[in-house]
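The next block holds one structure in the form of structure tokens; read it before the comments.
What you see below is based on every heavy atom in this structure, not just the backbone, and it leaves out hydrogens, waters and symmetry mates. Chain identifiers are assigned alphabetically (A, B, ...) following the order of the sequence lines, protein sequences preceding nucleic acid strands; residue numbering begins at 1 within each chain.
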Amino acid sequence: MSTTGAAARRHLSPRKRARRIRFVQYAVLVLVVVLAATLANWKQIGDVFFRPSMIRTTLSQGVGHALLNTVIYTAGAFVFGLVVGTVLALMRLSEVLPYRWLATAYIEFFRGLPAIVVFLVFSLLPLAFTNFSIPFDPYGTVWLALGMVGSAYIAETIRAGILGVPRGQTEAARSLGMPPGLAMRKVVLPQAFRIVLPPLTNELILMIKDSSLVYIVGVASNQYELTKFGRELSNSNANVTPLVVAGFFYLLITLPLTVVVRRMERAAARSR
Amino acid sequence: MSARADDLDGAGPLVEISALNKSFGTNHVLRGIDFAVNTGDVVCIIGPSGSGKSTLLRCVNLLERPDSGTIRVGGSEVTDLDCDLDSARRTIGMVFQQFNLFPHMTATRNCTVAQVSVLGRKPAEARQIAVDNLIRVGLADKVDDYPSRLSGGQQQRVAIARALSMDPQVMLFDEPTSALDPELVGDVLTVMRRLAEDGMTMLVVTHEMAFAREVADRVAFMDGGVIVEEGSPQEIIGAPREERTRTFLRRVLDPTHVQPS
């Protein structure tokens with residue numbers, strides 16, 4: 001390649017051009033950081049988001065209990081969603097046409113609705129059915145609302161998992177004299193479960209975050225989960241720090257789960 | 001071994017297929033098949049791909065339901081809609097081209113799961129039978145390995161052990177060596193040969209002409225959904241009467257496989 005003359009300078013070699021583009025990217029980054037450092041009022045930001053006294057208050061006023069509630073709300077809803085989702089998945093794969101219709105209608109209905117709408121409807125249910133109350137209120141209400149929305153997604157995940165097991169597996173099981181149910185239980189579902197474990201964990205993470213909608217149903221202060229707990233403290237103290245702490249506690253659960261999912265996905269890719 | 005027409009107990013052939021028809025949509029795959037396998041016989045079905053030989057085999061244990069015709073295995077008519085298929089299938093071993101081992105179970109567990117859950121054998125007894133059969137197929141050192149750790153040839157031998165563990169009356173082999181690397185074919189064929197010598201009734205769909213010639217009591221040539229001709233290996237592979245058979249064999253028989261007969 002020629003290195004002399006104006007033409008050569010305009011037409012840089014690919015290596016030089018790549019180096020120049022990278023330089024511009026770093027320059028922009030440094031500029032943004034410098035601007036942020038000089039223009040922002042860090043003292044005020046630190047005071048509003050990370051005030052040490054507020055951190056102490058949040059930690060001492062039951063953030064652990066709120067975390068426990070988040071876990072209880074999510075765990076119950078996930079179990080409910082898993083059971084209903086598995087039934088729905090089997091219904092969608094059923095040879096009985098009405099079962100397929102019912103399951104499809106349910107799934108499309110709940111996947112198409114914002115979770116908050118479902119929560120609102122459940123919280124207003126006593127208006128329609130006087131003297132009716134969901135057991136373990138508000139936990140039961142949350143499990144039902146969150147679980148019903150989650151089950152629609154979980155059903156599709158599990159269905160994909162079952163269909164992801166090669167047909168030959170069922171054929172081999174049936175050839176050994178296993179009835180359909182036994183072949184499903186011993187051969188297909190264990191393999192389907194392995195396939196769906198990573199996407200299912202993602203559902204769990206989504207559910208943990210959706211449990212922040214609990215405030216809709218109206219709960220007593222000892223039933224607050226992380227978001228509601230943080231918000232109440234933030235409001236009463238006119239400071240964002242409690243919410244930041246609450247957010248940190250969410251990450252404490254979700255980040256390890258994300259790491260686990262990534263590990264599982266990598267392990268699955270290796271074994272293939 | 002060739003116990004052809006002379007059935008000792010007089011109960012007729014072990015597998016008896018008559019007037020079998022099967023279509024997939026507009027594709028008429030089996031066109032009136034009549035066929036029988038006697039107890040202790042090894043019958044090889046050969047023919048070009050798409051000739052319907054795998055479909056015929058899969059009809060015998062009702063993995064495909066035929067459109068018309070009857071199949072009797074060991075005295076029970078499996079094509080009868082009221083036939084208890086699950087109990088009929090216990091007596092029919094099936095070996096697939098793609099092995100279809102259960103990947104989430106060890107070799108031994110592959111061989112025990114149906115023994116325990118279908119035949120109701122005690123786990124210890126089932127394990128003993130499984131290990132015996134794994135030894136029989138030459139995998140004594142692989143009993144606790146998962147399929148993913150085994151070669152194709154080893155996987156196929158586990159699949160054979162799995163079928164044998166159910167004490168089948170007849171074994172069906174659907175192109176058992178077609179998915180194998182060439183150097184692994186021999187191990188599987190050796191196991192099948194030994195099985196034949198032990199008197200197992202076998203129905204084998206295969207492209208291994210040498211195996212058919214040496215091991216089979218009878219060979220059937222299929223083309224276009226019919227059995228074109230059948231007879232001893234010498235008759236069918238050595239001196240075929242039909243032009244279609246001759247054309248097929250000429251194409252299949254690699255010169256390196258041809259031995260002077």
Side-chain angles (χ1 to χ4, degrees), chain A residues 82 85-86 89-90 93-97 100 154 157-201 260-272, chain B residues 54 57-58 60-65 78 84-105 109-121 126 130 146-149 155-156 158-168 170-174 179:
Chain A
L82 208 55
T86 307
L90 292 174
L93 296 168
S94 162
E95 286 175 9
V96 183
L97 195 57
R100 290 209 298 272
I154 291 173
T157 305
I158 292 180
R159 186 175 75 105
I162 292 174
L163 291 177
V165 177
R167 221 169 73 107
Q169 291 291 314
T170 311
E171 290 186 348
R174 301 300 311 277
S175 295
L176 290 165
M178 291 190 195
L182 191 65
M184 180 62 82
R185 247 185 16 250
K186 293 271 181 191
V187 174
V188 177
L189 282 182
Q191 295 183 59
F193 185 69
R194 279 185 184 187
I195 298 174
V196 302
L197 212 50
L200 221 48
T201 314
V260 168
V261 172
R262 208 170 298 146
R263 287 247 177 87
M264 284 190 297
E265 280 169 347
R266 232 180 291 144
R270 256 204 310 275
S271 71
R272 215 171 280 138
Chain B
S54 278
L57 201 72
R58 290 165 59 84
V60 174
N61 73 346
L62 268 280
L63 283 181
E64 307 290 351
R65 184 165 281 284
V78 294
D84 179 358
L85 268 185
D86 295 322
S87 68
R89 280 175 176 146
R90 283 171 216 167
T91 67
I92 307 171
M94 179 87 176
V95 175
F96 298 87
Q97 182 178 347
Q98 299 295 342
F99 330 136
N100 294 349
L101 287 183
F102 306 135
H104 56 304
M105 304 179 186
R109 194 120 146 77
N110 262 280
C111 300
T112 57
V113 60
Q115 288 190 69
V116 174
S117 62
V118 174
L119 300 181
R121 287 179 182 154
Y146 282 88
S148 58
R149 308 237 341 205
Q155 289 191 48
Q156 191 60 298
V158 173
I160 294 173
R162 175 174 71 178
L164 288 176
S165 295
M166 302 295 283
D167 296 326
V170 54
M171 289 276 285
L172 310 177
F173 293 85
D174 186 6

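In the displayed structure, Arg149(B) atom CZ is contacted under 6.0 Å by at most 12 heavy atoms of other residues, nucleotides or ligands.
In terms of modelled atom types and a separation under 3.5 Å, the side chain of Asn100(B) and the main chain of Gly168(A) share a donor-acceptor contact.
When the candidates Leu172(B), Leu119(B), Leu101(B) are compared by the number of heavy-atom contacts under 4.5 Å with chain A, Leu101(B) comes out ahead. The residue among Val187(A), Leu182(A), Val165(A) with the most heavy atom pairs within less than 4.5 Å of chain B is Val187(A). Heavy-atom pairs under 4.5 Å with chain A peak, among Arg58(B), Arg90(B), Gln115(B), at Arg58(B).
Summarising the geometry, atom CG belonging to Leu62(B) is positioned 10.0 Å from atom CZ belonging to Arg174(A); distances are rounded to the nearest 0.5 Å.
Contact between Met166(B) and Leu176(A) at its shortest, heavy atoms only, is CE-O, 3.2 Å. The two residues Met105(B) and Lys186(A) make their nearest non-hydrogen contact at CE-O, 3.4 Å. In terms of heavy-atom proximity, Phe96(B) sits nearest to Ser175(A) at CZ-OG, 3.5 Å.
For Arg167(A), the part lying under 4.5 angstrom from a heavy atom of chain B is the side chain only. No part of Ser87(B) comes within reach of chain A, as not one of its non-hydrogen atoms sits under 4.5 angstrom from that chain. For Leu63(B), the part lying near chain A is the side chain, with the backbone staying farther off; criterion is any non-hydrogen pair under 4.5 Å. Proximity to chain B involves both the backbone and the side chain of Ala173(A), based on heavy atoms less than 4.5 angstrom apart.
Side-chain contact between Gln169(A) and Pro103(B) is present, with heavy atoms from C-beta onward closer than 4.5 Å.
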